Amino acid sequence: MKNYIDLNDIEDLPALIAEAIQLKKNNDQAQLGKGKTLGMLFFNASLRTRLSTEKAAKLLGMEVMVMNAGTDGWALEFEDGAVMNSDKAEHIKEAAAVLSQYCDIIAVRAFPGLKDKNKDEAEQVINSFKKYASVPVVNLESATGHPLQALTDAITVMELKKTEKPKVVLTWALHPRALPQSVPNSFADVMKRLDVDFVITNPEGYDLDKRITGDTPVVHDQKEALKDADFVYVKNWSSYDNYGQILNSDETWMFDLEKLKVTNNASVMHCLPVRRNVVIADEVLDSENSKVIHQANNRTFAAQAVLKNLLKS
Ligand code: SN0
């Protein structure tokens, strides 16, 4: 593995999942990362990604440097040939080159602006780091994807499944803020690569990018989609077609006990943070069916498997 920008960087997904599950059982890997440094730059808030990736690096024996680059660093210029006479103090060319001398792996979180679809889809931040860094780059959630979360989700489904080919439903829920499509994009992408019966349900106007969902069935009737589900992944995202917009205020999409009853006693997943009683009801989050804490624990082993592969190459 050269970088971990998106799921295409994984050479063998089943093997990587198996490796992560193995790391969860036996974490004695502290030699590989000795004398190596992971640098993490956050342009947005984080709890799980930041701490699970730091923990994963330390379990591999690495040193870790973390910076809230969005608030503490110089404002970065990403445009080639820019005349830098305004608010941006440092060009990514220098920043990435300098960081590559301090770090053996650079990891970056940079959410989409959700205003200009073309700009977000160009993935300027993460791609510029990849272009100008001379060390591997890891995506800690970018404008269009969250591949560490997706690997975690794949591990969780493979660990908890009770049937050979479980039914997995990704369901939209209302949220007070316009959120990225990154998590559902990567979840859809990874589910397509596994042997599962995968269905997406969302209101009209919220269909994800067809280039990502491909031939995955998209059902606009939530209850119909949830029928007999073995896994339900609840997540809000803002509209892709009406880019970055919140189109409705349909609270009936909240995942509650009544909806859980339609499923096959499903395991309920969410990447967290979750808005209680808006996205998922207390009665579900506090039930045995909720796997969100288990899922968050798997973040460490997903990150560890990725860092291990990057260190080895
Ligand atoms: C982010 C998202 O992409 O949906 C990160 C999830 C891992 N979530 C949020 O920004 C939620 C913020 C909120 O106000 O609830």
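For this chain, numbers begin at 1 and follow the sequence in order. This structure is a prediction, so every number in the text was calculated from the model and none was measured.
Counted by atom type alone, Glu79 and Gln124 present one or more donor-acceptor pairs between their side chains at under 3.5 Å. Under 3.5 Å, the side chains of Tyr240 and Asn185 contain no donor-acceptor pair of N or O atoms. Gln22 and Asn26 are not linked by any side-chain donor-acceptor pair at a separation below 3.5 angstrom, with hydrogens and angles left out of the test. Side-chain contact check for Ser239 and Asp241: no donor-acceptor pair (N or O, by modelled atom type) lies under 3.5 Å.
In this structure, CG in Asp87 is found 9.5 Å from CE in Met84, a value given to the nearest 0.5 Å. A distance of 3.5 Å separates CG of Asp153 from OH of Tyr233, quoted to the nearest 0.5 Å.
One finds no salt bridge joining Glu54 and Arg50 here, because no Lys/Arg side-chain nitrogen approaches an Asp/Glu carboxylate oxygen to under 4.0 Å. A salt bridge links Arg276 and Asp282; the closest N-O separation between the charged side-chain nitrogens and carboxylate oxygens is under 4.0 Å. A salt bridge links Glu258 and Lys223; the closest N-O separation between the charged side-chain nitrogens and carboxylate oxygens is under 4.0 Å.
If you chain together hydrophobic residues whose side chains sit under 4.5 Å apart, Leu7 and Val137 never meet in one group. Met62 and Tyr102 sit in two unconnected hydrophobic clusters of ILVMFWY residues. Membership requires side-chain heavy atoms under 4.5 Å apart, directly or through other members. Val66 and Val108 fall into different hydrophobic clusters, where Ile, Leu, Val, Met, Phe, Trp and Tyr side chains are chained together by heavy-atom contacts under 4.5 Å. Linking ILVMFWY side-chain heavy atoms closer than 4.5 Å, directly or via other members, places Val232 and Leu272 in a single hydrophobic cluster.
A side-chain donor-acceptor contact under 3.5 Å links Tyr4 to the backbone of Pro147. A distance-only check finds no donor-acceptor pair linking the side chain of Asn309 to the backbone of Met1 [under 3.5 Å]. Within the 3.5 Å criterion, the main-chain N or O of Glu288 finds a donor-acceptor partner in the side chain of Lys291. With hydrogens and angles ignored, the 3.5 Å screen pairs no side-chain donor or acceptor of Gln181 with any backbone N or O of Thr144. Judged by distance alone, the side chain of Asn236 and the main-chain N or O of Leu174 form no donor-acceptor pair under 3.5 Å. Between the Asp104 side chain and the Leu311 main chain, no donor and acceptor come within less than 3.5 Å of each other. Panel note: side chain Ser290, backbone Ser287; no donor-acceptor pair is recorded below 3.5 Å. For Gln222 (side chain) and Thr201 (main-chain N/O), no donor-acceptor pair under 3.5 Å exists by modelled atom type. Counting only distance, with no hydrogens or angles, the side chain of Asp230 and the backbone of Lys167 share a donor-acceptor pair below 3.5 Å. Looking only at distances, a side-chain donor or acceptor of Lys161 sits under 3.5 Å from a matching main-chain atom of Glu164.
You'll find the side chain of Tyr206 stays beyond 4.5 Å of the side chain of Pro184, heavy atoms only. For the pair Pro203/Leu247, no side-chain contact is recorded, criterion being any heavy-atom separation below 4.5 Å from C-beta on. The shortest side-chain heavy-atom distance between Asp6 and Asn139 does not fall under the 4.5 Å cut-off. Contact annotation: the side chain of His146 approaches that of Thr49 to within less than 4.5 Å [non-hydrogen atoms, C-beta and beyond]. Residues Leu151 and Leu16 form a side-chain contact, since some pair of their non-hydrogen atoms from C-beta on lies under 4.5 Å apart. Looking at Ile17 and Ile155, their side chains come closer than 4.5 Å, going by heavy atoms from C-beta outward. The side-chain heavy atoms of Leu38 and Glu63, taken from C-beta on, include no pair separated by under 4.5 Å.
Note: Phe129 and Phe43 have tilted aromatic rings, judged against thresholds of 30 and 60 degrees for the angle between ring planes.
When each of Val157, Val169, Ile200 is checked for a side chain to side chain contact (heavy atoms under 4.5 Å, CB included) with Met191, only Val157 meets the rule. Of the candidates Arg48, Arg299, Arg109, Glu141 forms a salt bridge (Lys or Arg N to Asp or Glu O under 4.0 Å) with just one, namely Arg109.
Remark: Lys192 is not positioned above the aromatic ring of Phe198, lacking an NZ or CZ atom under 6.0 angstrom from the ring centre and at most 45 degrees off the axis.
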